[in-house]
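Encoded as structure tokens, the structure appears first; notes follow it.
Not measured: the values here are computed from a predicted model. One-based numbering along the sequence shown. Ligands are counted one by one from 1 in listed order, and the atoms in each one are counted from 1 as well.
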Amino acid sequence: MVAIKNPMLLEIPDSFQSERLIIRAPRAGDGAAVNEAVRESLDNLRPWMPWADHEPELEESEESVRRGAARWILREDLWLLLFRKSDGLYVGGSGLHRMDWSVPSFEIGYWVRKSLEGQGYVTEAVKAITDIAFMAVSAERVEIRCDTRNERSAAVAKRAGYMLEATLHHDGRDPNGDLRDTYIFGMTQRQYLIHKGVEITE
Ligand SMILES: CC(C)(COP(=O)(O)OP(=O)(O)OC[C@H]1O[C@@H](n2cnc3c(N)ncnc32)[C@H](O)[C@@H]1OP(=O)(O)O)[C@@H](O)C(=O)NCCC(=O)NCCS
């Protein structure tokens with residue numbers, strides 16, 4: 001694999017499925033679903049997600065999905081919305097962020113609406129997005145970062161097969177202004193193929 005010189009020309013599936021989820025890029029009109037789920041989940045999100053510091057207005061959520069759709073096309077950020085297949089309910093957000101196309105490498109982020117926590121939707125989504133990153137986008141590396149106190153998030157990374165590579169000490173501050181530590185979980189393409197049981201010959 002090689003560095004991707006012009007990511008705009010890369011064909012990236014903007015909608016795909018896992019067992020229980022439709023996972024797709026944001027579109028105009030998604031704002032209401034996102035707004036409702038964020039409002040329901042603010043208490044859970046606030047300690048860990050810097051953007052969850054206020055109750056968003058509907059217009060703000062709609063602007064944000066439209067901006068997300070634009071950034072997707074520009075390959076600046078690949079935000080992905082998770083919808084439950086059975087009833088179309090918006091489950092939460094994920095995506096491939098902080099990309100470096102010269103590697104290429106990405107960071108997967110995620111959150112789930114409060115009423116659907118503890119049902120395995122996020123692990124399912126992270127596994128499917130990991131497949132897309134390595135198989136469709138030629139990633140050489142994918143990482144997941146979380147606050148060391150965020151046990152549920154670290155558990156998702158481990159369940160999805162990511163290895164703890166490093167702990168950064170006092171690399172930022174939490175919403176209360178206290179210093180925080182960050183876990184970095186990573187997966188290389190080689191580790192991904194081994195995880196998938198693909199035989200590697202060199
Ligand atoms: C971090 C966060 C996304 C984890 O969500 P989650 O619901 O715990 O994760 P999953 O959807 O993978 O569900 C895992 C749980 O479902 C259970 N589960 C049920 N069915 C399952 C299945 N088919 N597959 C996997 N797990 C399943 C697991 O046993 C686990 O249960 P436990 O909580 O008792 O250990 C969620 O807590 C959240 O949104 N937090 C706020 C935002 C945040 O912190 N984001 C991460 C920032 S780094």
Is Glu40 paired with Lys114 through a side-chain N to carboxylate O contact shorter than 4.0 Å?
no
For Tyr162, the ring-ring contact (aromatic ring centres under 6.0 Å, His included) test, sequence neighbours excluded, returns none
Sorted by chain and number, sequence neighbours left out, ring-ring contact (aromatic ring centres under 6.0 Å, His included) with Tyr192 holds for Phe134
Filter the ligand 1-protein atom pairs down to N or O on both sides and distance under 3.5 Å, then list them.
unit_1, atom_1, unit_2, atom_2, d
ligand 1, 7 (O), Gly118, N, 2.7
ligand 1, 8 (O), Arg152, NE, 2.9
ligand 1, 8 (O), Arg152, NH2, 3.0
ligand 1, 11 (O), Gly120, N, 3.3
ligand 1, 11 (O), Tyr121, N, 3.0
ligand 1, 11 (O), Val122, N, 2.9
ligand 1, 12 (O), Thr123, N, 3.0
ligand 1, 12 (O), Thr123, OG1, 2.5
ligand 1, 12 (O), Arg159, NH2, 3.3
ligand 1, 13 (O), Gly120, N, 3.0
ligand 1, 16 (O), Gly118, O, 3.0
ligand 1, 16 (O), Gln119, N, 3.3
ligand 1, 16 (O), Gly120, N, 3.1
ligand 1, 20 (N), Gln119, O, 3.4
ligand 1, 33 (O), Arg152, NH2, 2.6
ligand 1, 37 (O), Glu117, OE2, 2.5
ligand 1, 39 (O), Val112, N, 2.9
ligand 1, 44 (O), Asn150, ND2, 2.7
ligand 1, 45 (N), Tyr110, O, 2.8

Pairs touching residues 153-168 that satisfy salt bridge (Lys or Arg N to Asp or Glu O under 4.0 Å), sequence neighbours left out
Arg141-Glu165
Please determine if Arg20 forms a cation-pi arrangement with Tyr121, meaning its NZ or CZ atom is less than 6.0 Å from the six-membered ring centre and no more than 45° off the ring axis.
yes
Do other residues, nucleotides or ligands put more than 12 heavy atoms under 6.0 Å from Glu76 CD?
yes
